[in-house]
Protein chains: 2
Amino acid sequence: MSTTSTVEVTTVLREHIMSGQIHPGEKLQQQRLAQALGVSRTPLRTALANLAQEGLLQYEPNRGYTVRAFKRKDIIDGFAARAVLEGLAAATVARQGMSDDALQDLASLLTIGDTALAKGRLDPDDLDDYRTMNVNFHQRIIEEARNSWVEELVRHTQLIPFASNRMIVWQDYSIMVRSHDDHHRLVDAISRRDVARADYLLREHINFAGDYVAKCIEDGRITTGFSKHRRNIA
Amino acid sequence: MSTTSTVEVTTVLREHIMSGQIHPGEKLQQQRLAQALGVSRTPLRTALANLAQEGLLQYEPNRGYTVRAFKRKDIIDGFAARAVLEGLAAATVARQGMSDDALQDLASLLTIGDTALAKGRLDPDDLDDYRTMNVNFHQRIIEEARNSWVEELVRHTQLIPFASNRMIVWQDYSIMVRSHDDHHRLVDAISRRDVARADYLLREHINFAGDYVAKCIEDGRITTGFSKHRRNIA
DNA sequence: TACCAAAGGATTGGATGCAATCTTGAGATA
DNA sequence: TATCTCAAGATTGCATCCAATCCTTTGGTA
């Protein structure tokens, strides 16, 4: 396993920012951070530059890097962009037709979701399974579309602390059931090569998720780093 | 005007890559490049990291940076992604309603286009005006949507050598007339708050541009750096 | 001939020192 | 008191040096 300390530092820092261990708005001092991470300033500076380019940090020449504080609107807007991009992916897959591999993968992901929801109520033990399934489901469709830009751009929209697929989790059983039903319908639509329905099913699916997250922010169940409470995910 | 040599080097290198002065696939040697640019390897390496993050360079640990060679499909896919994103922007503006400023700006951009096309034939002297107008027109609509992600993601899709709005130019008068007619219809649709038509007018507008560029690549009028001829824009 | 191994040079990655810029705070002035 | 000035400390940016990794080439072996 050959890697460089720059990429390790980049990964670690990204994780710290995404999880909120480093707070939005915080200034990152190179000397201090480098020492804390056990490297010199050189690889750290490269990592900072990378994360700034990813949009997680803000950079001002001669003044250094600060953690970007996403506003509520940034998060909503991210979902809107993701919705049309993933809609494009679904439409593309429907038009091209799915490979057998993809169909099989999606079918087994659907089953995992069905199983997690089978109890008729929300069991916290099943949440991790469901969330992982959800991430993989969306990822699998994007991969199958084989549009490198959609892949890249969607990954980019996921780089928002507390708003990525990996962090967000439904907190209401009935919403999860409906959401997973969307997954079933989506696979059906794609299988039938129904481009239009595949497109709008996935767009609606993600737009609704955006509305839900917006509501959570409103209620204070999620904070973006700027609201007064300064709490993380409830 | 305070800036750092890192950002200057980044800008210069980006320009060199976008314009094809540095060829796709080419390996970038740090020592040599730094000397050529008159800086040390430190700011150069930061610039290289930035450009790699932007997608213009490919990086392999311990092996350095090479200029990314976009394949034909990458370019087509870029237009597909841009189409849905700009469609979202147009739809958003139509839904929100345009500010007076925006309406005025767009109207005067339309006039510039009308003027450039008024001769009834294609005058090379007017091409620059038209191209600039076209870039500003699209940019203005995106700005007016005020969705930071769309802005950012579209900028990203434009970072393809020879395929950005700034480089591409129609070479057929009748196509330009039709394309500019799209602009007129788009402003009309947005003014009437017709979300659906604004959306699909801009999508079609860009998808067609993508088809056109694809055809140009096919004909060898544009090369992506991988085709045998290794020519630039004709 | 084809393949493998090791040594030497070449290239990239990281640490350190110094210069340039910014920030802070004490003192002066209105 | 509020504001401005400027100097000292702090922080970032850049150049250089050394270490780690890669690449090439030469020689050997099956």
Side-chain angles (χ1 to χ4, degrees), chain A residues 1-17 21-69 159 225-226, chain B residues 1-17 21-70 159 161 225-226:
Chain A
M1 271 304 293
S2 131
T3 186
T4 71
S5 82
T6 292
V7 311
E8 279 174 15
V9 167
T10 306
T11 308
V12 159
L13 266 183
R14 189 190 295 115
E15 216 50 50
H16 282 195
I17 295 169
Q21 289 181 257
I22 307 181
H23 300 107
E26 191 171 333
K27 172 148 201 266
L28 299 182
Q29 297 207 356
Q30 302 179 358
Q31 190 70 271
R32 193 189 327 245
L33 242 189
Q35 211 150 5
L37 294 170
V39 294
S40 87
R41 281 177 55 220
T42 306
L44 171 67
R45 280 170 54 90
T46 309
L48 291 173
N50 283 333
L51 294 172
Q53 202 73 34
E54 285 181 6
L56 281 174
L57 301 178
Q58 263 181 320
Y59 170 69
E60 277 181 296
N62 292 317
R63 297 196 181 173
Y65 298 86
T66 56
V67 179
R68 175 164 166 193
L159 287 177
F226 260 164
Chain B
M1 273 305 293
S2 131
T3 187
T4 71
S5 80
T6 292
V7 311
E8 278 174 17
V9 167
T10 306
T11 308
V12 163
L13 266 184
R14 189 190 293 116
E15 216 50 50
H16 282 195
I17 296 169
Q21 290 181 256
I22 307 181
H23 300 106
E26 191 171 334
K27 172 145 201 261
L28 299 181
Q29 297 207 356
Q30 302 178 357
Q31 189 70 272
R32 194 189 325 249
L33 242 188
Q35 212 149 5
L37 295 170
V39 294
S40 86
R41 280 177 56 218
T42 306
L44 171 67
R45 290 185 54 193
T46 309
L48 291 173
N50 283 333
L51 294 172
Q53 201 73 32
E54 285 181 6
L56 281 174
L57 301 177
Q58 262 183 320
Y59 171 69
E60 278 182 295
N62 292 315
R63 298 197 182 172
Y65 298 85
T66 56
V67 179
R68 175 164 166 194
F70 288 94
L159 287 176
F226 259 165

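Predicted model, so just to flag it, every value in this text is computed and none were measured. Reminder, nothing fancy here: chain letters follow the sequence lines and each chain counts from 1.
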Toward the 5' end of DNA chain D, by each residue's nearest nucleotide, B/T46 or B/R41: B/T46
Closest-nucleotide mapping onto DNA chain C: is A/G38 or B/G64 further toward the 5' terminus? I mean the 5' end. B/G64
Report which part of the nucleic acid B/T6 touches: base, sugar-phosphate, or nothing (heavy-atom distance under 4.0 Å, all strands). sugar-phosphate
What pair of heavy atoms forms the shortest contact from B/T66 to B/G25, and how long is it? CB-O, 4.2 Å
Is there a side-chain contact between A/R63 and the phosphate of D/dT11, meaning an N or O under 4.0 Å from OP1 or OP2? no
How many whole angstroms separate atom CZ of B/R32 from atom P of C/dT11? 7 Å
Using atom CZ of A/R45 as one end and atom P of C/dA15 as the other, report the distance to the nearest whole Å. 14 Å
Begin with the C-alpha distance, continue with both residues' side-chain angles, and end with the deciding distance and a verdict on side-chain contact (heavy atoms from CB on, under 4.5 Å) for A/I17 and A/R68. CA-CA 9 Å; A/I17 295 169; A/R68 175 164 166 193; over 6 Å; no
Can you figure out which of D/dC14, C/dG14, C/dG13 approaches the side chain of A/S40 most closely? C/dG14
Check B/L51, B/L13, B/L57 against B/V67 for a side-chain contact (heavy atoms from CB on, under 4.5 Å) and give me the one that passes. B/L57
Does D/dG13 have OP1 or OP2 sitting under 4.0 Å from an N or O in the side chain of A/Y65? no
What nucleotide among C/dT21, D/dA15, C/dG14 has an atom nearest to a side-chain atom of A/N62? C/dT21
Between A/L37 and A/E8, is a side-chain contact (heavy atoms from CB on, under 4.5 Å) present by the stated rule, with each step listed? CA-CA 10 Å; A/L37 294 170; A/E8 279 174 15; over 6 Å; no
Most 5' of A/P43 and A/P61 on DNA chain C, judged by nearest nucleotide: A/P43
Write down the distance between CG (A/L48) and P (C/dG14), rounded to a whole number of angstrom. 14 Å
Are any of A/T42's side-chain N or O atoms less than 4.0 Å away from OP1 or OP2 of C/dG13? no
Under 4.0 Å: is that the gap between some side-chain N or O of B/Q30 and OP1 or OP2 of C/dA10? no
Find the distance A/Q35:CD to D/dA10:C1' and express it as a whole number of Å. 15 Å
Which atom of A/Y59 lies closest to which atom of A/A52, heavy atoms considered: CB-CB, 4.4 Å
Starting at CD of B/E8 and ending at P of D/dG13, how long is that distance when rounded to a whole Å? 14 Å
Does a side-chain N or O of A/K27 approach OP1 or OP2 of D/dA10 to a distance below 4.0 Å, or not? no
Closest non-hydrogen atom pair, B/A34 against B/L44: N-CD2, 3.6 Å
Distance in angstrom units between B/Q31 CD and D/dC14 P, rounded: 17 Å
Between atom CD in B/E60 and atom C1' in D/dA20, what is the gap in whole Å? 17 Å
Within less than 4.0 Å of OP1 or OP2 of C/dG14, is there a side-chain N or O belonging to A/S5? yes
What is the nucleic acid contact for A/L44, judged by heavy atoms within less than 4.0 Å: base, sugar-phosphate only, or nothing? nothing
On the nucleotide D/dT11, are OP1 or OP2 found under 4.0 Å from the side-chain N or O atoms that A/Q29 carries? yes
A/L37 CG to C/dA15 C1': how many Å, rounded? 15 Å
